[in-house]
Amino acid sequence: MTFGNAWRNAWIVCVLLCFAASCKSDQPPAQWRKGEVAAASDNVLWEVVVLALEKESYPVGAGLDPSKGIAVSGWRSSLAPFKSKGWRARAHVEYERSAPGRYALQVRVEKATNEDLVRPLDPTYAEWKPAADDEERAGVLLQRIRSYLGGEIDVSEPKRGAKK
């Protein structure tokens, strides 16, 4: 191997390492809350998902695709006068039929914090940095969807000898 080939190989390795470093994402991993629900139809479940998003104050709009069973809300913001205290959150809801009348449902609430130091209350200057997902809010949204659909009630006769 000559000096020229070694130099070229070192340069290629350096370029590849720089490329790999730039591809690294600072986005935290997605934290999905999963569950299964019963619904009369796709349309009923879709209406319940949209109603739950609205009730939890997530803006609904262009991110809704009922044909794919995917709903991505707009950003819900809460600005604060200190760096890293303001936040915004966006809900993701996905579902697919698992059996007749049953749907596998997963919910995620993506979160970001405002890192602007000079004007943290001005949304035009906000510097949003991805933060860990809000699993608690995702659980609340999942439970709201379940509640709107109603729980499955066991109406069978009580077992003999069971206490009332």
Side-chain angles (χ1 to χ4, degrees), residues 16 19-80 82-116 119-159 162:
L16 289 175
F19 178 73
S22 69
C23 291
K24 183 181 176 187
S25 174
D26 60 345
Q27 180 77 21
Q31 300 294 319
W32 292 91
R33 297 291 299 261
K34 299 179 181 184
E36 190 168 313
V37 295
S41 69
D42 292 354
N43 291 338
V44 170
L45 179 55
W46 181 256
E47 291 299 322
V48 166
V49 166
V50 171
L51 182 64
L53 287 170
E54 289 173 344
K55 189 68 174 177
E56 290 296 319
S57 301
Y58 292 104
V60 293
L64 305 179
D65 189 355
S67 65
K68 294 181 180 176
I70 296 174
V72 179
S73 74
W75 289 100
R76 172 181 156 194
S77 298
S78 175
L79 297 174
F82 303 105
K83 180 182 175 189
S84 302
K85 297 299 179 184
W87 56 267
R88 69 180 183 173
R90 174 170 58 181
H92 300 254
V93 180
E94 298 179 4
Y95 65 86
E96 62 182 15
R97 185 185 306 260
S98 59
R102 308 268 325 154
Y103 296 86
L105 184 70
Q106 58 181 12
V107 178
R108 171 186 181 213
V109 175
E110 179 183 4
K111 201 167 181 184
T113 56
N114 184 5
E115 301 301 317
D116 183 58
R119 297 182 185 114
L121 292 172
D122 189 344
T124 59
Y125 290 94
E127 296 176 16
W128 298 110
K129 178 183 175 194
D133 285 359
D134 192 340
E135 292 184 64
E136 184 178 328
R137 297 305 312 162
V140 168
L141 183 57
L142 177 61
Q143 185 56 46
R144 185 171 294 279
I145 293 168
R146 284 180 172 158
S147 298
Y148 284 160
L149 290 168
E152 295 176 311
I153 301 171
D154 183 12
V155 292
S156 62
E157 291 290 322
K159 294 181 181 178

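Note that the structure is predicted; figures quoted are calculated from it, not measured.
- The shortest heavy-atom contact between V49 and A71 is CG1-CB, 4.0 Å.
- Taking the side chain as every heavy atom from C-beta outward, P29 and Q31 approach each other to under 4.5 Å.
- Considering all non-hydrogen atoms of both residues, S98 and Y103 come closest at OG-N, 3.8 Å.
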>> Pair S84, E115 - check side-chain contact (heavy atoms from CB on, under 4.5 Å), show working.
In response: CA-CA 5 Å; S84 302; E115 301 301 317; 2.7 Å; yes
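- Checked against side-chain contact (heavy atoms from CB on, under 4.5 Å), T124 has the following partners two or more places apart in sequence or in another chain: D122.
- Residues L79 and L121 come closest through the heavy atom pair CD1-O, 3.4 Å.
- Contact of the I145 side chain with the V93 side chain is registered, since non-hydrogen atoms from C-beta on lie closer than 4.5 Å.
- Here side-chain hydrogen bond (donor to acceptor under 3.5 Å, both in side chains) pairs that include residues 127-136, with residues two or more places apart or in two chains, are R108-D133.
- A perpendicular orientation is assigned to the rings of H92 and W32, their planes being inclined by more than 60° (bins at 30° and 60°).
- Under the side chain to side chain donor-acceptor pair (under 3.5 Å) criterion, S67 pairs with D65, not counting sequence neighbours.
- When the salt bridge (Lys or Arg N to Asp or Glu O under 4.0 Å) test is applied to R90, the partners found at least two apart in sequence or on another chain are E110.
- Rounded to the nearest 0.5 angstrom, W46 CH2 and L51 CG are separated by 12.5 Å.
- Considering only heavy atoms from C-beta on, Y95 stays 4.5 Å or farther from E36 through its side chain.
- The backbone N or O of A126 sits nowhere less than 3.5 Å from a side-chain atom of N114 that would complete a donor-acceptor pair.
- Contacts of R97 classified as salt bridge (Lys or Arg N to Asp or Glu O under 4.0 Å), with partners at least two apart in sequence or in another chain: D42.
- Between A131 and P28, the shortest heavy-atom distance links the atoms O-CG, 3.3 Å.
- In terms of heavy-atom proximity, A39 sits nearest to L45 at CB-CB, 4.0 Å.
- The minimum heavy-atom distance linking A80 with P120 is given by the pair O-CB, 3.4 Å.
- Listed by first then second residue, pairs satisfying salt bridge (Lys or Arg N to Asp or Glu O under 4.0 Å) with a partner in residues 43-61 read E56-R137, E56-R144, not counting sequence neighbours.
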